[in-house]
Amino acid sequence: MGNRSIRRGTDFIESNVDGETVLLQLSTGRVYALAGPAAASWAAFAEPVTLDGAVARLQKQFDVDAATCAADLRAFVTEMCDLGFLVAE
């Protein structure tokens, strides 16, 4: 996944509510709220980017080593891909 481009899917609308990023999945009607590092992780994929590129972006925001950031972000990306919010190409 490190070299593959990751982009946002298209089956959602997004809004900011009280400092949280709220995603409404159009096909299911489910609502997901992202706060803190999860919201920052989501923001890192505003434009298509590789996992390594997103890790570099997040390391500028948080005091975290590359290995920990990559592991946490990989788990986030896997879950968001499974839900259809992110697409790895």
Side-chain angles (χ1 to χ4, degrees):
M1 192 179 300
N3 294 333
R4 295 172 62 189
S5 180
I6 302 164
R7 64 170 177 81
R8 291 182 177 179
T10 57
D11 182 39
F12 70 91
I13 54 175
E14 173 182 355
S15 184
N16 188 299
V17 178
D18 295 330
E20 289 187 342
T21 300
V22 178
L23 306 173
L24 169 64
Q25 192 168 43
L26 300 173
S27 62
T28 65
R30 291 184 181 160
V31 176
Y32 299 85
L34 306 174
S41 296
W42 176 254
F45 296 100
E47 298 293 328
V49 64
T50 63
L51 185 71
D52 295 340
V55 166
R57 289 179 187 175
L58 291 170
Q59 281 192 281
K60 292 178 183 176
Q61 290 181 264
F62 297 97
D63 183 23
V64 61
D65 65 89
T68 300
C69 187
D72 290 350
L73 189 58
R74 185 178 310 278
F76 175 82
V77 168
T78 298
E79 181 175 358
M80 296 304 276
C81 283
D82 289 347
L83 293 170
F85 289 111
L86 292 176
V87 177
E89 300 178 313

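Numbers for residues simply follow the sequence, beginning at 1.
Contact check for Arg4 versus Val77: no side-chain heavy atoms found under the 4.5 Å cut-off.
More than 12 non-hydrogen atoms from other residues, nucleotides or ligands lie less than 6.0 angstrom from CG of Asp65. Within 6.0 Å of CZ on Arg7 lie more than 12 heavy atoms contributed by other residues, nucleotides or ligands.
When the side chain to side chain contact (heavy atoms under 4.5 Å, CB included) test is applied to Gln59, the partners found at least two apart in sequence or on another chain are Val55, Val64, Ala66, Cys69. Legend: residues meeting side chain to side chain donor-acceptor pair (under 3.5 Å) with Arg8, ordered by chain and number and at least two apart, are Glu14. Residues passing the ring-ring contact (aromatic ring centres under 6.0 Å, His included) test with Phe12 are Trp42, Phe85, sequence neighbours excluded. In this structure Pro37 satisfies the side chain to side chain contact (heavy atoms under 4.5 Å, CB included) test together with Phe62, sequence neighbours excluded. Not counting sequence neighbours, Glu47 has no partner by the side chain to side chain contact (heavy atoms under 4.5 Å, CB included) test.
Here the closest non-hydrogen pair linking Ala54 and Phe45 is CB-CZ, 3.6 Å. Scanning all heavy atoms of the two residues, the minimum distance from Gly9 to Val87 falls at CA-CG2, 4.0 Å. Counting all heavy atoms, side chain and backbone alike, Ser41 lies closest to Leu58 at OG-CD1, 3.8 Å. Closest heavy-atom contact between Ser5 and Pro48: OG-CB, 3.6 Å. A pairwise comparison of heavy atoms in Glu20 and Ala33 identifies OE1-CB, 3.5 Å as the closest pair.
Residue Tyr32 holds its OH atom at 4.5 Å from CG of Leu83, rounded to the nearest 0.5 Å. Atoms CZ and CD1, from Arg74 and Ile6 in turn, are 8.5 Å apart once rounded to the nearest 0.5 Å. Distance check: Leu34 CG to Asn16 CG gives 10.5 Å after rounding to the nearest 0.5 Å.
Membership of the apolar cluster around Leu26 extends to Ile13, Val17, Val22, Leu24, Val31, as traced through chained side-chain contacts below 4.5 Å between ILVMFWY residues.
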